[in-house]
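Beneath this line is the structure, given in structure tokens, with notes to follow.
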Amino acid sequence: MTYSAFGLLAVIIHLIVNYDVFHKRVGSSFPAVKRYRGFLISVIAFHITDAFWGFFHSHHLSTLLFIDTTAYFFIMGLTVLFWTFFVVHYLEEKTFFCTAINYIGRLFFMLQAGTVLANIFAPIVFHIDEAGEYHPDVVRYALFIFQIFILLNASIYSFVIAAKSEGSKKRRHLTVSFFGIAMICAIAAQLFFTLLPLYSIGYLIGCCVLHTFVVEDERAENISALKESLGREAMQIEELGATRTLAYTDPLTGVKSKRAYIDIRKQYEQKIADNTIKEFAIAVFDVNGLKEVNDNFGHDVGDQHIIGACNLICNILKHSPVFRIGGDEFVAILEGSDFEERRALISDFNSQIEENTRTNKVVVSVGLSAYKQNAGATFASVFKQADENMYKRKAILKEMK
């Protein structure tokens, strides 16, 4: 029963250790993961047949022992086949030697399956006597030696690839090579100690080592690469944000730029088309006398004149976005409290400007126009009306001089 208990314990350990592999939590981070999953499934199936083998043998159940041993050798052939598939796909080397290992694995499986089937009619691999005792036959030894040959070649192949690799990849490739050597030792021992679960022990130790030094190593490296990629992406987003901020900010005044105005105008046009905006107002501003200031005092003073005008606008419309859309032209879009108080705000602004007119300070003309839902207006028509109102105001301010 100890023999059977080890087989069941091996199945439980495999299911626990490789939980992530079976539940597909190991994906693109592990090359050839599907091949490895197929190999693990065949190994677990082998442990199950091995566990039953121990039970049937200890209870001398001849017929069941024969059936189980037949399945045992057949699944053993599958494990070797799937191992060669995994090695070839994982190492990702397309060479003659690689192709040879692939075909030798297939050849071994067909040979193993054929001899096991033939054994049903003539005892060439094993036989069970009348007392329910298992006896190996000559072909069994030949098949084990063939396995050793395949595993040895796969290990040499893995070792050669490891010699050309660097860093963690080198360690993983050496682990694949080590697995083959460990299984060779287990098979060699099984040749002489028939009634010990040495083959199963080799698979249990080898697969645990593979999971630790190959699967987990691949995952850790992938996580590290992912973090690095996310870091680069975050930096790019930050750079794009900084670029967007620069593009959307007027460099002279610090208010929003013409590009920002064009984008928000499109948003309002879409809201109007969708009938999802109830009301807003547009205020158009123009700095009076900027040309004279530039001509008489230079553009540096003219720039200060524009900044002063911008400050006047922002001090009045503290809750509305302000855009500089030209050299001396500004636009503000009023919603919320600024929209509700728009007349009072513009009146206060005009009072300040009229005072400036008398004291030869910065003079700015403003025109205002409101949008009302379902009134048939468009953003362009509201802007046009505000612009016309601005020019009317400009004319009034000129007469005050």
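Only this structure's heavy atoms are used, side chains among them; waters, hydrogens and symmetry mates stay out. All figures in this text were calculated on a predicted structure; none of them were measured in a lab.
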Taking the inter-plane angle between the rings of Phe86 and Tyr36 on a 0 to 90° scale, is it parallel (under 30°), tilted (30 to 60°) or perpendicular (over 60°)? tilted
With side chains defined as the heavy atoms from C-beta onward, is the minimum distance between Ile282 and Ser369 less than 4.5 Å? no
Between His211 (side chain) and Val17 (backbone), is there a donor-acceptor pair under 3.5 Å? yes
Whether Asn119 side chain and Phe126 backbone form a donor-acceptor pair below 3.5 Å: yes
Verdict with supporting geometry, Lys164 and Lys169, side chain to side chain contact (heavy atoms under 4.5 Å, CB included): CA-CA 10 Å; Lys164 299 188 293 184; Lys169 183 175 285 189; over 6 Å; no
Just by distance, with hydrogens left out, do Ser320 and Asp338 show a side-chain donor and acceptor under 3.5 Å apart? yes
Centroid separation under 6.0 Å, is that true for the rings of Phe285 and Phe330? no
Inter-residue atom distance Ile44.CD1 - Asn18.CG, 0.5 Å rounding: 7.0 Å
Phe383 and Val331: CA distance, side-chain angles, deciding distance, side chain to side chain contact (heavy atoms under 4.5 Å, CB included) verdict: CA-CA 9 Å; Phe383 179 90; Val331 172; 3.7 Å; yes
Closest non-hydrogen atom pair, Gln190 against Arg140: O-NH2, 3.1 Å
Is there a side-chain contact between Arg37 and Val33, using heavy atoms and a 4.5 Å cut-off? yes
Kindly say whether Tyr19 contributes a backbone atom to a donor-acceptor pair with the side chain of His23 at under 3.5 angstrom? yes
Could you tell me whether the side chain of Leu204 reaches within less than 4.5 Å of the side chain of Phe6, counting heavy atoms only? yes
Phe97 ring center near Tyr157 ring center (under 6.0 Å): yes
Taking atom types as modelled, find out whether Glu354 and Asn350 have a side-chain donor-acceptor pair closer than 3.5 angstrom. no
Decide yes or no on side-chain hydrogen bond (donor to acceptor under 3.5 Å, both in side chains) for Thr378 and Ser381, but give the supporting numbers first. CA-CA 5 Å; Thr378 64; Ser381 66; 3.3 Å; yes
Flag for Asp348-Gln352: side-chain donor and acceptor within less than 3.5 Å: no
Side-chain contact, heavy-atom cut-off 4.5 Å: His305 with Val287? yes
Between Phe349 and Ile316 the two heavy atoms that sit nearest each other are CD1-CG1, 3.7 Å
Is the ring pair Phe146/Phe149 parallel, tilted or perpendicular, if the boundaries are 30 and 60 degrees? tilted
Short side-chain donor-acceptor distance under 3.5 Å, Ser200 and Asp50: yes
Can Arg393 and Asn389 be counted as having a side-chain donor-acceptor contact under 3.5 angstrom? no
Measuring only between side-chain heavy atoms, which start at C-beta, is Thr84 closer than 4.5 Å to Ile150? yes
Give the minimum heavy-atom separation between Val362 and Gly308, together with the two atoms involved. CG1-C, 4.5 Å
Could you tell me which residues satisfy side chain to side chain contact (heavy atoms under 4.5 Å, CB included) with Ile262, sequence neighbours excluded, listed by chain and number? Lys258, Arg265, Lys266
Ring centres of Tyr268 and Phe280 under 6.0 Å apart? yes
Exam field: side chain Ser177 to backbone Ser158, donor-acceptor pair closer than 3.5 Å: no
Please report the interatomic distance CG(Leu152) to CD1(Ile187), rounded to the nearest 0.5 Å. 11.0 Å
Side chain Ser257, main chain Asp250, donor-acceptor under 3.5 Å: no
Heavy-atom side-chain proximity of Val209 to Phe179 below 4.5 angstrom: no
Can you check whether Lys170's main-chain N or O pairs, donor with acceptor, with Ser165's side chain at less than 3.5 Å? no
With no hydrogens and no angle check, is any side-chain donor or acceptor of Asp274 less than 3.5 Å from a backbone partner on Thr276? no
Does a side chain donor of either Arg171 or Thr175 reach within less than 3.5 Å of an acceptor in the other side chain? no
Note: Leu397 and Val364 closest approach over all heavy atoms is CD1-O, 3.9 Å
Okay, side chain of Arg324, backbone of Gly327: is any donor-acceptor separation there less than 3.5 Å? yes
Show me, pair by pair, the donor-acceptor contacts under 3.5 angstrom made by side chains of residues 72-83, not counting sequence neighbours?
from, atom 1, to, atom 2, distance (Å)
Thr79, OG1, Met76, O, 2.6
Thr79, OG1, Tyr203, OH, 2.7

Nearest heavy-atom pair of Cys207 and Leu40: which atoms, and what distance? SG-CD2, 4.0 Å
Does any part of the side chain of Glu133, heavy atoms only, come nearer than 4.5 Å to the side chain of His57, both counted from C-beta? yes
Using the rule given for side chain to side chain contact (heavy atoms under 4.5 Å, CB included), can you reason through Leu312 versus Asn356, listing the C-alpha separation, both sets of side-chain angles and the distance that settles it, and then say yes or no? CA-CA 11 Å; Leu312 284 171; Asn356 286 1; 3.7 Å; yes
Could you tell me if the ring centre of Phe46 sits under 6.0 Å from that of Tyr199? yes
Centroid separation Phe56 to Tyr134 less than 6.0 Å: no
Between Asp129 and Gly132 (side chain of the first, backbone of the second, donor and acceptor by atom type, cut-off under 3.5 Å), is there such a pair? yes
So do Ile124 and Asp137 actually touch side chain to side chain, heavy atoms under 4.5 Å? no
Would you please say whether a donor-acceptor pair under 3.5 Å links the side chains of Glu218 and Tyr90? yes
Closest non-hydrogen contact found for Ala186 with Gly202 is CB-CA, 3.8 Å
Any cation-pi pair here, Arg106 with Tyr103, using under 6.0 Å and within 45°? yes
Going through the distances and angles, do Met390 and Asp387 end up as a side chain to side chain contact (heavy atoms under 4.5 Å, CB included)? CA-CA 5 Å; Met390 181 273 294; Asp387 196 48; 3.5 Å; yes
Tell me if a side-chain donor or acceptor on Asp286 pairs with a main-chain N or O of Glu329 at a distance below 3.5 Å. no
Side chains of Asn288 and Ser365 only: does a donor on one sit below 3.5 Å from an acceptor on the other? yes
